[in-house]
Structure formats: C-alpha cells, structure tokens
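Since we're looking at a predicted model, the values are computed, not measured. Below, all heavy atoms of this structure are taken into account, side chains as well, without hydrogens, waters or symmetry copies.
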Amino acid sequence: MYRYLIVLVIGLTMSSCSQAGSLPATEFPVMEGAVSGKWSEGGYSYLVDAPLAEVEAFYIESLTPDGWEYIGLGEGLGGIFLSFTRELQYLAISARKSELEAYTRINIQLQDISDAYP
C-alpha cells in the first residue's frame, strides 16, 4: 500500500547544536502517487496530488506505530508543519499546496538533537 524511502541523512543539526553528527539510515513513508522526489541539503522533498488534511493523516498514521511521537501541527502561509520526535531525533514534515501547482509539495527533514541534551 505504501512506498517507502530509505533516508540516510548525515550532518543535519538544529541551530542550537554545537556539532554535526551522523544520523542512522531510517525508513520513512512516501505517499502513494508521489512524483519528482529529490534530495537537497535540507532533506528530501516530493510532490503528491493530495489535500493537506490527507497528508497530515497519512504521516500521523504511518509514523506513530514506528515509535515517533507526534508533537503537533502548525499552520500558516497556505501550508502545514508536522513535528515528531523519537529518542534524540526530530522529524519535521512540511506540506504546502501552491495555487500555481496542482500538487502538494512535501518536505521531510530529520535532525539529530542529541547535542541539545548534554
């Protein structure tokens, strides 16, 4: 039912962390029908033809059984921002539907926050 993306992110840290660290290979769900997936310095992004409410439900339902604690939802600028934590990792997922694009852009960022907790 789901396609999965194996994510290996190295050296992403929060601005309050003093050193970059390696993050383990982690499996994250990608919504069915995803197109134009690409890596950038900030993580992974892709496009999907889905409303924001469906994106929110998909990630909550997909990540919480794997031990990710859902912190909350932020809204603004025509999009949503989902926050999750697990152990000493922070996962941020943003989704925005552009008026010019038929698709919703999903951005996934994983950060190691272990340096923030001495």
Tell me, which pairs form a side-chain hydrogen bond (donor to acceptor under 3.5 Å, both in side chains) where one or both residues lie in residues 48-59, sequence neighbours left out? Tyr46-Tyr59
Tell me whether the count of non-hydrogen atoms from other residues, nucleotides or ligands lying under 6.0 Å of OH in Tyr103 goes above 12. no
Side-chain contact test, heavy atoms from C-beta onward, threshold under 4.5 Å: evaluate it for [X] versus [Y] and give yes or no.
X	Y	value
Leu91	Arg86	no
Arg105	Asn107	yes
Ile93	Leu63	yes

Name all residues meeting the ring pair (Phe, Tyr, Trp, His ring centres under 6.0 Å) criterion together with Tyr70; count only those two or more places apart in sequence or in a different chain, and write none if there are none. Phe84
Testing the basics here: between [X] and [Y], what is the closest heavy-atom pair and its distance to 0.1 Å?
X	Y	value
Val48	Glu32	CG2-O, 3.6 Å
Gly79	Leu52	CA-CD1, 4.0 Å
Ile108	Pro29	CD1-O, 4.5 Å
Val55	Leu82	O-CD1, 4.4 Å
Lys97	Ala50	NZ-O, 4.0 Å

To the nearest 0.5 Å, tell me how far Lys38 NZ sits from Tyr44 OH. 10.5 Å
Can you tell me how far apart CG (Asp112) and CD (Glu87) are? Round to the nearest 0.5 Å. 10.5 Å
By side chain to side chain donor-acceptor pair (under 3.5 Å) - contacts of Ser83 (at least two apart): Tyr90
